[in-house]
Amino acid sequence: MNTLVDYDSQFGNTEHIAQAIAGTLRSFGQAQAVRVDPAHSVSFQGVDLLIQGCPTQGFRPTPAIQSFLGNVSYQSLSGLAVACFDTRFRGRLWKSSAAPRMARQLRTMGVEPIVPPESFFVKTMKKEGPLLAGEVERAATWAKMLFNKVEALRPAMQR
């Protein structure tokens, strides 16, 4: 399986999660974590699984991820398994985060994520985090679940 983890990170927390996901998925094939850069296009040639991730800022994705999703075409994502994650503070009043918005934007393009959006949590509401204990391990577990989901869907995706 060939995986691309396309992420944005402001203080390193999302990058840490993206690297953990890619590192876990390397056990099952090629996997790379690449920071999104709106100035450069991304090739999805040979990619089986695209994972989008970013920190939650103002209850939404970062401008770089929003730009990426606004400029990518349905045709380039067609046939790919897609999943989304974010990093955020866990609070009682927290109503929304970046990953569900990314998933919604993908759905409006006709691309259905293979799993519900996932959030990984930082310790404090301060922008720099750090990640809560166990979140990197939870990201690795999530990555393994994604691999199993893609493998189960593979016959349907090849039609």
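FYI, the numbering just counts along the sequence from 1. Please read all numbers here as calculations on a predicted model, not as lab measurements.
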*Side-chain (R101) to main-chain (F59) donor-acceptor, under 3.5 angstrom*: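 Between the backbone of F59 and the side chain of R101 there is a qualifying donor-acceptor contact (under 3.5 Å).
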_Given 3.5 Å as the limit, does a donor-acceptor pair link the side chain of T24 with the main chain of A20, or not?_
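Checked: pair present.
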What's the spacing between [X] [atom1] and [Y] [atom2] if we round to 0.5 Å?
| X | Y | atom1 | atom2 | value |
| --- | --- | --- | --- | --- |
| C84 | R104 | SG | CZ | 11.0 Å |
| I17 | I51 | CD1 | CD1 | 12.0 Å |
| M102 | Q66 | CE | CD | 10.0 Å |
| M1 | L146 | CE | CG | 7.5 Å |
| D8 | Q57 | CG | CD | 7.5 Å |
| K149 | M145 | NZ | CE | 8.0 Å |

Would you give me the side-chain donor-acceptor pairs under 3.5 Å for residues 38-46, sequence neighbours excluded?
residue	atom	partner	partner atom	Å
H40	ND1	D37	OD2	2.7
S43	OG	Q45	N	3.3

*Applying the side-chain contact (heavy atoms from CB on, under 4.5 Å) test to Q52, which of V72, D86, I65 qualifies?*
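Answer to the side-chain contact (heavy atoms from CB on, under 4.5 Å) test with Q52 among V72, D86, I65: I65.
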_Among L25, N2, L80, L4, the one residue meeting side-chain contact (heavy atoms from CB on, under 4.5 Å) with L49_ =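 Result: among L25, N2, L80, L4, L25 is the only option passing the side-chain contact (heavy atoms from CB on, under 4.5 Å) with L49.
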Testing the basics here: between [X] and [Y], what is the closest heavy-atom pair and its distance to 0.1 Å?
| X | Y | answer |
| --- | --- | --- |
| E135 | S119 | OE1-O, 4.3 Å |
| R26 | A33 | NH2-N, 4.5 Å |
| P55 | T87 | CA-OG1, 3.3 Å |
| S97 | R88 | CB-CD, 3.2 Å |
| V36 | A64 | CG1-CB, 3.7 Å |

Common cluster, [X]/[Y], ILVMFWY with side-chain heavy-atom separation under 4.5 Å:
| X | Y | answer |
| --- | --- | --- |
| L77 | Y74 | yes |
| Y7 | L131 | no |
| V47 | V82 | yes |

*Set of residues satisfying ring pair (Phe, Tyr, Trp, His ring centres under 6.0 Å) with respect to F120, sequence neighbours excluded*: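 Ring pair (Phe, Tyr, Trp, His ring centres under 6.0 Å) list for F120, sorted by chain: F85, W142.
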*Tell me, yes or no, whether the heavy-atom count around Q30 atom CD, taken from other residues, nucleotides or ligands under 6.0 Å, exceeds 12.*
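Open: at most 12 neighbouring heavy atoms sit under 6.0 Å from CD of Q30.
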*Considering only Ile, Leu, Val, Met, Phe, Trp and Tyr, and joining two whenever side-chain heavy atoms are under 4.5 Å apart, list the other residues clustered with F121.*
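Besides F121, the cluster holds L132.
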*Looking at side-chain heavy atoms only, is the closest gap between Q10 and C54 below 4.5 Å?*
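When only atoms from C-beta onward are counted, C54 and Q10 do not touch, as no gap falls below 4.5 Å.
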